[in-house]
Each structure stands twice: as structure tokens, then as C-alpha cells.
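Below you'll find the structure, written out as C-alpha cells, and then a few comments.
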Amino acid sequence: MLEFLRGRDVLVAGWGVSGRSLIQPLRDIGARPVVTDGGAKALAEAAELGLEVATSVELESADLSRFALVITSPGWRPDSPVLVSAVTEGIPVWGDVEFAWWVDQARIYGPVRKWLVVTGTNGKTTTTQMTHAILRAAGISSVACGNIGLPILDALRRNPGPQILAVELSSFQLHWAPSVRPEAGVVLNVAEDHLDWHGGLDAYAAAKARALTGRIGVVGLDDPIARSLARKAKARRTVGFRIGVPADGELGVVDGKLLDRAFTKAAILADTTDISPQGPAGIADALAASALTRAIDVAPQFIKEGLVEHKVGPHRAAFVREVRGVVFIDDSKATNPHAARASILGHPQVVWVAGGLLKGASVDELIEEVGERLVGAVLFGADAPIIAAALARHAPEVPVIELDAGDDADMNNDVDTSRSARADAIMGRAVRAAAGLAGPGDTVLLAPAAASLDMYDDYTHRGRCFVDAVTALEDGDIGRAL
């Protein structure tokens, strides 16, 4: 399949983590990588490594016929001029995941691996980590890779190589990977997210559905869109999971225990108390990981061992501190309303810290559902006014403090006014304001329902700022505004 690339030029579109991972495999199969990117710094870095480079602007009007293939970063939209030109000229456009799939199928780095693919609007990373933990407990050589941080190609090149890949894939990656046929794949849930990239919810859901094309497809039955994908799945067999009593062919929960009725008549897999994070979202992720690993015949005892071993990562509903009876939780990873919903529903009384870039998603349904749990809200970021307006419509009794990044009382001409410093200062104000609205028994919850890039480097930067601000609180900050 990859012989057509030997001795040919291949355009690598995007010099990020995935772009860097492509270079050595392309060289190993005899292709000549050429790098394009919109950033001068990125191109300079690639050139320092001895690679031929070209700006994306230069390529927009260039003849691309010299390239046998274009491999795009997942962040490049299908309507990017370079990609449109390539398609127009009949040049195939792949994503790095598509290329990794064919590298694996061609046995470039050893025997073909089994892929366990995880996608969904929310819970991907936790489910992937749980899957990897279960495989480790079973003594199976595996690695967590893909959107979770480690490029798949880097995982394939490991020596000794893993038998199983626990692969987290975003909708962007799946859009550019039509050939992937996993041993088992799961769609956890589908809610409004990245609609600006995909052009609508139907296209976004269709991209997610590409995880359901292998031997076993798994869907979250409590999510209506994910459930609907089961009817159209191309997988040889489709099973579901639910947070409730499972029917035949499903996994679910009975009397506080995870139960498998899909891969056996009935097998207890674990106790819900074994799961981190606690709550409905964590249980759903554990059921999904259980389904993926049961699909490759992992025994129930190893599922329990793996789930006990797994601990939630930073910025994913992570406990930060308790101050005078008020608990502070960092769920900066809740980057869309669907994720924020799951986070808020895990606590009875919440002072909600939220805001950022909604990416076209609506928060009205979220606030309608969780409004009764909110004892206050502190909003910041580009789309804070949209969230404030939705709160006014659906939860007008909730006190709202809306912060303006351009009117920061902590910033003046005598201090650092860099983007990072302003982001730190805004989060400090947000945390103090939230603490002022909170009383004993309340949870101050950072669950932004939005992306972070209007103010922060990424969600981890936002989470670290929250943790730093909470750490700096004093007892007197609690309930000051009440």
C-alpha cells in the first residue's frame, strides 16, 4: 500500500506533534518529506533539521503535482486552501492517523497491532487511560496513544513494540482516517462541539461514527446520538453500555456493580466504588473501557484490577482543596457544555466558574438542566456574555459575576501585563469571587463549558492557574460576598 511513496515527495501539512512524528516513518519507507506550516518559527525549526520547507501561502498557488501524498495535521480544516488544491489536483490527502494505520498494516515496525479506539465528545482521555490500565493489569503489552498525547507512529516505533494500542481519536483525526478498522471502537457520547470545524452536528457525528467500523463497535446507550449511531454502524457486531440494568448484549450497572451481559451470560466486572472519578461520567467511562477490553477476551478480574489502579489525571474533576467547608474542584478539561453538565451533576450545590470559547455550542439546555444546583456563577473569557445571557433566561435567581479581562483591578503599569500574567490575574479574581459566593457544603467548580485558547495556552494552563489561585485563598475569602 505504501510502495507508491518510495522515492516520492510527501507534503507534511502542519509542524506540530503529529507532523514531527511523520518524518522518520516517511524516511523509513523511502519517501522525501516536505514541511509546510503557517508559522515562520515552525518552518525554521523544520529547516534546522534538514527538511525542505514551504509556507502555506506559497503552496496555495503552486503546482502540487510533485507530491504523491499530502498528510495533514488534524487541526487543518478540509477547506484549507492547500488541502483544497491537493484534492483538486487529484492528490490523496490523509491524516497522520490514516498514515499510521497503513504503516501498521504494512508491518513496517513489526507485527500488526490490535487497535482499541476511543472517541466521543467527552470522556475520551479517561476511557483511554482506563483501557490501558486494564490491559496492564492483564499483563498485555500496550500503550495509550493518539489524541492523548503520544503520536501513534511513535508508539509503533517503540522497541519492543506493544501488542495493543489504546487509541484516543478526536473527530478531526477520524475525519482524516477513513481506512481505520479497529479491533474494537467506542463512541461514548456526541454533543455539540467543534461545529465550526465540521460545519454542523451531522458531520461531526459522522466523523465519530468511523470508530464503529471494525470487528466490535461499542456505543453509549444513555446518549441519544451515540445510541442512534449503532443502527448505522459498519462494525461486524455492535454492543452498548448504560448506567442502569443492562439487557442482553449490553454492559451496565446492577446494585453498585458493573455487569457484562454482552460478552458472556452475566459477569460482575467491578464495584462502582472502584472507579475514579466517582459519579455517572466516571462509571460510563469505566463501562466503555470494560467493553473494549472484554471484546478482546480480557478476564473480569483484570478489569477490576485495572479500574482500581486507575486514578483520574490532573484537571479532570480533580480535588484541589477544602477551605472552611467549601470544596474546590478543577475540571478544566470540561471544554464544552456536555462535559460541564456531567461535572456539575456530580455535586448538589455548585458555584460555577466558567467561560472561554464555546465554539458555536449552546449552553441553554445545560443551564435548564443544572440551574437548580447553582448557588452562584463566575464567568470570564470571550463568550462569558453568552453564558450570562443564558443564565438570565433559565436561572435568573442565580447570582452571576461576569469578569472583564480588559478591566483587571490587579493589573497596572507597574506589573507584568503579558497575556499569561493577565490570564493568571483573571483566574485569581474569578476564584476569589467564587469563594465569596460559597458557603459550607458548596463546591466551587471550574467546569468552563468552553475552550481555553482565548486566554490560556490550553486547558492544562487554565487548570494550573485555577489551582494556584485556590492555593492562595485565605479562610476570610469564603462567604465574603454573602
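Keep in mind that this is a model prediction, so the values were computed, not measured. Residue numbers count from 1 along this sequence.
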* To do: Verify, without hydrogens or angle tests, whether T121 (side chain) and A191 (backbone) share a donor-acceptor contact under 3.5 angstrom.
  => yes
* Asked: Which pair of heavy atoms, one from L153 and one from S21, lies closest together, and at what distance?
  -> CD1-O, 3.7 Å
* Would you confirm whether T213, through its side chain, and V180, through its main-chain N or O, come within 3.5 Å as a donor-acceptor pair? => yes
* Please lay out, stage by stage, how K304 and D271 fare under the test salt bridge (charged side-chain N to carboxylate O under 4.0 Å, His left out). => CA-CA 8 Å; K304 180 178 178 66; D271 296 332; 3.8 Å; yes
* Asked: Does Y204 use its side chain to pair, donor to acceptor, with the backbone of S171 at less than 3.5 Å?
  -> no
* **Side chain proximity check, M130 to T126, heavy atoms < 4.5 angstrom** => yes
* So, does R321 use its side chain to make a donor-acceptor pair with the main chain of V470 at under 3.5 Å? -> yes
* To do: Test T335 against R462 for side chain to side chain contact (heavy atoms under 4.5 Å, CB included), laying out the working first.
  => CA-CA 11 Å; T335 57; R462 179 171 61 190; 3.6 Å; yes
* Asked: Is any side-chain heavy atom of L307 less than 4.5 Å from a side-chain heavy atom of I134?
  -> yes
* Structure fact -> In this structure, CG of L22 is separated from CH2 of W94 (nearest 0.5 Å) by 11.5 Å
* Asked: Going through the distances and angles, do E369 and L345 end up as a side chain to side chain contact (heavy atoms under 4.5 Å, CB included)?
  -> CA-CA 9 Å; E369 184 171 2; L345 291 177; 3.8 Å; yes
* Please round to the nearest 0.5 Å and tell me the distance separating atom CG of D222 and atom CZ of R227. => 8.0 Å
* Nearest-0.5 Å distance that lies between atom CD1 in I225 and atom CG in D202 -> 8.5 Å
* Asked: Are any of the side-chain heavy atoms of I152 and L169 separated by less than 4.5 Å?
  -> yes
* To do: Determine the minimum heavy-atom distance between V363 and P337, stating which atoms define it.
  => CG1-CG, 3.9 Å
* Do the side chain of D442 and the main chain of V326 share a donor and acceptor less than 3.5 angstrom apart? -> no
* Asked: Would a distance-only check, ignoring hydrogens and angles, find a side-chain to backbone donor-acceptor pair under 3.5 Å from S18 to S73?
  -> no
* Taking R136 for the side chain and I140 for the main chain, is one N or O donor matched with an acceptor at less than 3.5 Å? -> no
* Asked: If we ignore angles and hydrogens, is there a donor and acceptor under 3.5 Å between the side chains of D330 and S332?
  -> no
* Asked: Between S179 and W101, which heavy-atom pair has the shortest distance, and what is it?
  -> O-NE1, 3.4 Å
* Does the side chain of L391 reach to within under 4.5 Å of the side chain of L379, using non-hydrogen atoms? -> yes
* Does CD belonging to E183 count more than 12 external heavy atoms closer than 6.0 Å? -> yes
* To do: Check whether any side-chain heavy atom of V444 sits under 4.5 Å from a side-chain heavy atom of V323, and report yes or no.
  => no
* Asked: How far apart are the closest heavy atoms of W352 and A447, and which atoms are they?
  -> NE1-O, 2.8 Å
* Asked: When you measure from the side chain of R242 to the backbone N and O of G252, does any donor-acceptor pair fall under 3.5 Å?
  -> no
* Quick one: does V353's side chain get under 4.5 Å of F380's, heavy atoms only? -> yes
* To do: Kindly compute the distance separating NE2 (H132) from CG (L165), expressed to the nearest 0.5 Å.
  => 10.5 Å
* Kindly compute the distance separating NE2 (H347) from CZ (R373), expressed to the nearest 0.5 Å. => 9.5 Å
* To do: Identify the heavy atoms of R324 and D475 that sit nearest to each other, and give their distance.
  => NH1-O, 3.0 Å
* **Neighbour count above 12 (heavy atom, 6.0 Å) for E372 CD** => no
* Chi angles and distances behind the side chain to side chain contact (heavy atoms under 4.5 Å, CB included) call for I148, Q129 -> CA-CA 9 Å; I148 201 169; Q129 291 172 331; 3.7 Å; yes
* Would you check if I275 and L258 make a side-chain contact, meaning some heavy-atom pair closer than 4.5 Å? => yes
* Asked: How far apart are the closest heavy atoms of I367 and A390, and which atoms are they?
  -> CD1-CB, 3.5 Å
* Asked: Is a side-chain N or O of S80 found less than 3.5 angstrom from the main chain of L83, in a donor-acceptor match?
  -> no
* To do: Output the distance between atom NZ (K124) and atom OG (S170), rounded to the nearest 0.5 Å.
  => 7.0 Å
* More than 12 heavy atoms of other residues, nucleotides or ligands under 6.0 Å from CD of E474: is that the case? -> no
* To do: Determine, stepwise, if the pair W76 / V82 fulfils side chain to side chain contact (heavy atoms under 4.5 Å, CB included).
  => CA-CA 10 Å; W76 283 45; V82 171; 4.1 Å; yes
* Asked: Side-chain contact, heavy-atom cut-off 4.5 Å: E45 with L43?
  -> no
* Answer yes when D104 and R113 have at least one side-chain N-carboxylate O distance shorter than 4.0 Å, and no when they do not. => yes
* Asked: D37 side chain to A42 main-chain N or O, any donor-acceptor pair under 3.5 Å?
  -> no
* With Y459 as reference, evaluate R464, R316, H315 under the side-chain hydrogen bond (donor to acceptor under 3.5 Å, both in side chains) test and give the passing residue. => R316
